[in-house]
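This report refers to the structure that appears directly beneath it.
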Amino acid sequence: MALKLLFAPLAFADEFCGKAQQWIAQTDMQAKVVVYEDREAFVESKASIEPLTVPQFFSNPEDSAGIPKVVSCKMKTAEQINAVYGIDGAVAGSSQTCETVLSSMLETRFAQKGAHPAVLARGDFVIDDEDSTFIGPMWLDPWPFQPISVDQTGAVHLLSRSLYVPDAWYIPMPDSFKGVYYCHIISPVYLDALITGALPRPPQ
């Protein structure tokens, strides 16, 4: 899905999950991004470690503009990246959270000037605690995921739903399901549309 970018700073939006993988694992490694346009195919996909590969899916289009409100990323944990690639020293830090990805996206956006002036400031956004899940069905449902809410003061709350499975021997599932961190969060183009006023913030 080719996205029409409204601003220059997040020019990685088409393959956003590659940047999200760097943020969530505190690594400079560049993952291959596999973009899915079919939800069922995305559901069946898995992040892989060799080569480092992250599935990505844009969904829940906004009614008037058709801009996807959600991006879903299936990523690998820092611990598994280090276990495979850190033979001569760590190549990743420690595993972060979907909240970290949201914070990094906001900071990146507001640190640089966009093509359109901002009508919302960094202080208009609040990052809520992520909704943590541990198995796939809990991460996928209910659907569609709603990435924001607006409180009585007008603040825009950024929401996330995660699935975290440690890379641990005691986890009773196949190895291909371990060492993963999945996120549903606001898509970068929808975030920018709210920041620039191209789309109004939803009602409370």
Side-chain angles (χ1 to χ4, degrees), residues 1 3 10-59 68 70-108 127 129-141 143 145 147 158-188:
M1 177 185 296
L3 301 179
L10 296 187
F12 48 73
D14 273 343
E15 295 190 348
F16 172 79
C17 291
K19 178 57 71 174
Q21 174 67 85
Q22 292 181 322
W23 286 333
I24 208 163
Q26 295 183 321
T27 182
D28 291 328
M29 288 190 64
Q30 294 188 352
K32 176 183 178 182
V33 179
V34 179
V35 178
Y36 288 85
E37 297 190 8
D38 177 76
R39 181 175 183 267
E40 292 308 312
F42 175 74
V43 168
E44 295 298 322
S45 70
K46 295 181 179 65
S48 64
I49 191 68
E50 292 185 291
L52 183 60
T53 304
V54 294
Q56 170 180 288
F57 181 58
F58 287 102
S59 63
V70 176
V71 61
S72 301
C73 303
K74 293 183 174 183
M75 299 167 286
K76 283 294 185 178
T77 62
E79 292 73 27
Q80 190 170 90
I81 291 173
N82 277 329
V84 173
Y85 295 101
I87 304 302
D88 297 322
V91 295
S94 58
S95 291
Q96 304 299 298
T97 65
C98 302
E99 297 165 49
T100 303
V101 176
L102 287 170
S103 177
S104 298
M105 182 171 21
L106 279 175
E107 298 309 321
T108 300
I127 298 174
D129 293 342
E130 66 184 42
D131 175 16
S132 300
T133 66
F134 306 97
I135 59 174
M138 294 173 62
W139 184 65
L140 292 167
D141 294 318
W143 193 263
F145 178 71
L158 299 182
L159 313 176
S160 58
R161 186 189 302 152
S162 68
L163 185 153
Y164 169 53
V165 183
D167 185 16
W169 63 268
Y170 55 81
I171 302 294
M173 59 179 59
D175 288 344
S176 61
F177 290 88
K178 299 178 183 179
V180 299
Y181 216 114
Y182 294 177
C183 294
H184 297 309
I185 59 174
I186 189 171
S187 79

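Because the structure is predicted, anything quoted here is derived from the model rather than measured.
- Pairing each heavy atom of G18 with each of V33, the nearest pair is N-CG2, 3.4 Å.
- Q30 has its side chain out of reach of Q21: every pair of non-hydrogen atoms, C-beta onward, lies at least 4.5 Å apart.
- Looking only at distances, a side-chain donor or acceptor of S95 sits under 3.5 Å from a matching main-chain atom of A78.
- Residues C98 and E130 are in side-chain contact: their nearest non-hydrogen atoms beyond the backbone lie under 4.5 Å apart.
- When each of L140, T133, I135 is paired with P137, the side-chain contact (heavy atoms from CB on, under 4.5 Å) condition holds for I135 and for no other.
- T27 pairs by the side-chain hydrogen bond (donor to acceptor under 3.5 Å, both in side chains) definition with nothing, not counting sequence neighbours.
- Side-chain contact between S59 and F42 is absent, with no heavy-atom pair separated by less than 4.5 Å.
- Formation of a donor-acceptor pair under 3.5 Å by the S187 side chain with backbone atoms of P68 is found in this model.
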Working note: I186 + M105, criterion side-chain contact (heavy atoms from CB on, under 4.5 Å); need CA distance, chi angles, decisive distance, verdict. CA-CA 10 Å; I186 189 171; M105 182 171 21; 4.0 Å; yes
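- The main-chain N or O of W139 is found under 3.5 Å from a side-chain atom of H184 such that the two form a donor-acceptor pair.
- Across L102 and I185, no two heavy atoms sit closer than the pair CD2-CB, 3.8 Å.
- The environment of K46 atom NZ is dense: over 12 non-hydrogen atoms of other residues, nucleotides or ligands sit within 6.0 angstrom.
- Summarising the geometry, atom NZ belonging to K74 is positioned 11.5 Å from atom OG belonging to S48; distances are rounded to the nearest 0.5 Å.
- Around atom CG of D141, more than 12 heavy atoms belonging to other residues, nucleotides or ligands sit under 6.0 Å away.
- Between the side chain of S104 and the backbone N or O of T100, at least one donor-acceptor pair lies under 3.5 Å.
- Using a 4.5 Å cut-off on side-chain heavy atoms (C-beta onward), L159 and D131 make no contact.
- With 2.5 angstrom as the limit on SG-SG distance, C17 and C73 come in below it.
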Assess whether side-chain contact (heavy atoms from CB on, under 4.5 Å) is satisfied between E99 and D129, documenting all intermediate values. CA-CA 7 Å; E99 297 165 49; D129 293 342; 3.9 Å; yes
When you look at V34 and T53, which way does the side-chain contact (heavy atoms from CB on, under 4.5 Å) test go after all the steps? CA-CA 7 Å; V34 179; T53 304; 3.6 Å; yes
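- For the side-chain contact (heavy atoms from CB on, under 4.5 Å) criterion with Y182, the lone passing option out of I24, L163, V54 is L163.
- Remark: the backbone N or O of S94 is paired with a side-chain donor or acceptor of Q96 at under 3.5 angstrom.
- Ring planes of F16 and W23: perpendicular class, angle over 60° (limits at 30 and 60°).
- Qualifying ring pair (Phe, Tyr, Trp, His ring centres under 6.0 Å) partners for Y164, counting only residues two or more places apart in sequence or in other chains: Y181.
- The backbone N or O of S72 sits nowhere less than 3.5 Å from a side-chain atom of Q56 that would complete a donor-acceptor pair.
- Looking at K76, its side chain does come within 3.5 Å of a backbone N or O of K178 through a donor-acceptor pair.
- Here the side chain of N82 pairs a donor or acceptor atom with the backbone of A92 at under 3.5 angstrom.
- Pairing each heavy atom of A25 with each of I81, the nearest pair is CB-CD1, 3.8 Å.
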Does S45 form a side-chain contact (heavy atoms from CB on, under 4.5 Å) with F57? I'd like the steps, not just the answer. CA-CA 10 Å; S45 70; F57 181 58; over 6 Å; no
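- Between the side chain of Y85 and the backbone N or O of I49, at least one donor-acceptor pair lies under 3.5 Å.
- When the side-chain hydrogen bond (donor to acceptor under 3.5 Å, both in side chains) test is applied to S160, no partner is found at least two apart in sequence or on another chain.
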